[in-house]
Engineer: 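One structure follows; several queries about it will come next.
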Amino acid sequence: KYALSYYWNWIGSDREHAVLRLTLVLSNVASAIAFADSDTWARNVEKHGLPSVTSEHVRFPEEGQPGIELPWNAQGAEWRFVAGLIGLAFGLPPESFEPMLDEVEHPRR
């Protein structure tokens with residue numbers, strides 16, 4: 001809450017050209033297993049085994065690379081891209097991540 005308020009004060013009234021700059025740093029993730037309550041996730045596990053992280057820290061983008069820039073008013077598609085990067089960091093293949101998000105967001109009844 002406070003960080004976002006500070007950010008809005010920092011960019012001032014020029015919000016039309018403002019961007020959010022993101023760097024994802026995941027710590028203490030060694031041996032973590034990503035789980036999604038979806039049929040796509042289950043099929044992926046049957047085909048490739050459980051996705052797991054082998055390093056203690058994951059950083060997107062890699063050290064020395066520019067951060068991810070999103071428009072300040074980013075909508076669902078942009079945030080799905082960020083979620084896809086997190087999924088990739090946890091070993092979820094990009095081609096199955098979109099269907100997983102769809103299944104989790106809109107579960108069958």
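Keep in mind the model is a prediction, meaning the values are calculated, not measured.
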Engineer: I'd like to check the side-chain hydrogen bond (donor to acceptor under 3.5 Å, both in side chains) partners of S27; sequence neighbours left out, ordered by chain and number.
Structural biologist: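 Partners of S27 by the side-chain hydrogen bond (donor to acceptor under 3.5 Å, both in side chains) criterion, ordered by chain and then number, come out as H57.
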Engineer: I'd like to check the side-chain hydrogen bond (donor to acceptor under 3.5 Å, both in side chains) partners of R80; sequence neighbours left out, ordered by chain and number.
Structural biologist: E98, D102, E105
Engineer: Which atom pairs, one a donor and one an acceptor, fall under 3.5 Å between side chains of residues 58-65 and the rest of the protein, sequence neighbours left out?
Structural biologist:
unit_1	atom_1	unit_2	atom_2	d
R59	NE	E63	OE1	3.4
R59	NH1	P61	O	2.7
R59	NH1	E62	O	3.4

Engineer: Do V29 and S55 touch side chain to side chain, with heavy atoms closer than 4.5 Å?
Structural biologist: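 Side chain of V29 against side chain of S55, heavy atoms only: no contact under 4.5 Å found.
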Engineer: If you measure from CG on L26 to CD1 on I86, what distance do you get to the nearest 0.5 Å?
Structural biologist: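 Reported value, rounded in 0.5 Å steps: 6.5 Å.
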Engineer: More than 12 non-hydrogen atoms from neighbouring residues, nucleotides or ligands closer than 6.0 Å to CZ on F35, yes or no?
Structural biologist: yes
Engineer: With rounding to the nearest 0.5 angstrom, report the CG to CG distance, N44 to L50.
Structural biologist: 10.0 Å
